[in-house]
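The structure appears below as structure tokens.
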Amino acid sequence: SDFIESKIPLGFQLGYRLSRRFWVQLHFELAPGQASADLCAAGTSCKASDVRVGVQLALRLLPGSWIDPWIGAGVGAEVLNAGGGDATTGARAEWSWAGVELPFVEAGADVAVTERIGVGPWGSLTFARFTSSSVRVEGGGNVGTGVQNRAPHRWLSGGLQATLRL
């Protein structure tokens with residue numbers, strides 16, 4: 001992203017098993033991050049965060065196996081916030097962008113630790129487009145606008161997840 005250099009996603013998924021192979025899942029992700037140098041003047045503190053929510057359909061490829069690979073696709077919404085300051089004036093500004101994720105795709109594998117608990121790697125590729133934005137300048141009000149150039153952006157994420165099968 002032009003506004004955030006890096007983020008550390010912390011996610012939670014709640015799923016319902018439609019059958020042995022198919023799951024529908026709600027997901028929530030909060031990702032603290034580092035604001036882009038373009039928003040963060042030298043000598044000022046900056047912050048950024050990204051929040052994603054959505055729903056996905058996941059296909060379990062080897063349900064009940066010791067290693068259960070899976071793939072999924074879904075849709076969601078995203079809100080990206082960033083704040084920075086001007087080192088010469090000390091003025092701070094906060095930016096916010098919101099939009100849709102259409103689609104996102106995920107894949108991973110659950111390695112059985114016990115009958116009900118699995119741990120394994122996952123990866124996610126998200127295609128999104130911001131549709132609204134707002135700016136708040138210290139000492140001023142909020143200015144909300146539509147996004148003029150609705151260019152798509154992507155997130156590539158990965159990590160380790162735990163699964164609890166009820």
Is there side-chain contact between V111 and I67, with heavy atoms separated by less than 4.5 Å? yes

Is there a side-chain contact between Q13 and Q56 in this structure, where contact means two heavy atoms from C-beta onward sitting under 4.5 Å apart? yes

Hydrophobic clusters join Ile, Leu, Val, Met, Phe, Trp and Tyr when side-chain heavy atoms are under 4.5 Å apart, directly or via other members; which others share one with W122? W70

Under 3.5 Å, is there a donor-acceptor pair linking the side chains of T126 and R154? no

What is the distance from atom CZ of F12 to atom CD of Q25, rounded to the nearest 0.5 Å? 10.5 Å

N/O donor-acceptor pair under 3.5 Å between R21 side chain and R60 backbone: yes

Interatomic distance, CG@D110 vs OG1@T163, rounded to 0.5 Å, equals 3.5 Å

CZ of F104 to CZ of F127, rounded to nearest 0.5 Å, is 12.5 Å

Do you reckon I71 sits in the same ILVMFWY cluster as L26, going by side-chain contacts under 4.5 Å, direct or chained? yes

Single-linkage hydrophobic cluster, 4.5 Å side-chain cutoff, V55 and L59 together: yes

So, are R129 and E101 salt-bridged, with charged N and O less than 4.0 Å apart? no

Between E29 and K7, is the closest basic N to carboxylate O distance under 4.0 Å? yes

ILVMFWY cluster, V53 and L14 together (side-chain gap under 4.5 Å): no

Calculate, to the nearest 0.5 Å, the distance between atoms CD and CZ belonging to E78 and R52 respectively. 7.0 Å

Angle between ring planes, H153 versus W155, binned at 30° and 60°: parallel, tilted or perpendicular? perpendicular

I'd like to know if W95 and F130 are part of one continuous hydrophobic network [Ile/Leu/Val/Met/Phe/Trp/Tyr, side-chain heavy atoms within less than 4.5 Å]. yes

Looking at L61, I want to see if its CG is surrounded by more than 12 non-hydrogen atoms of other residues, nucleotides or ligands under 6.0 Å. yes

Is any side-chain heavy atom of Q34 closer than 4.5 Å to a side-chain heavy atom of K47? no

Just how far is it from atom CG of L57 to atom CZ of F22, taken to the nearest 0.5 Å? 6.5 Å

Nearest heavy-atom approach of A35 to C46 is CB-CB, 3.9 Å

Search all heavy atoms of N81 against all heavy atoms of S96 and return the closest pair with its distance. OD1-OG, 2.9 Å

Tell me whether W23 shares a hydrophobic cluster with Y16, the cluster being built from Ile, Leu, Val, Met, Phe, Trp, Tyr side chains joined at under 4.5 Å. no

Check whether any side-chain heavy atom of L18 lies under 4.5 Å from a side-chain heavy atom of V24, and answer yes or no. yes

Answer whether the closest heavy-atom distance between the side chains of S133 and W97 falls below 4.5 Å. yes

S49 and L80: which non-hydrogen atoms are nearest, and at how many Å? O-CD1, 3.4 Å

Would you say the side-chain atoms of S65 pair up with the backbone N or O of D68, donor to acceptor, closer than 3.5 Å? no

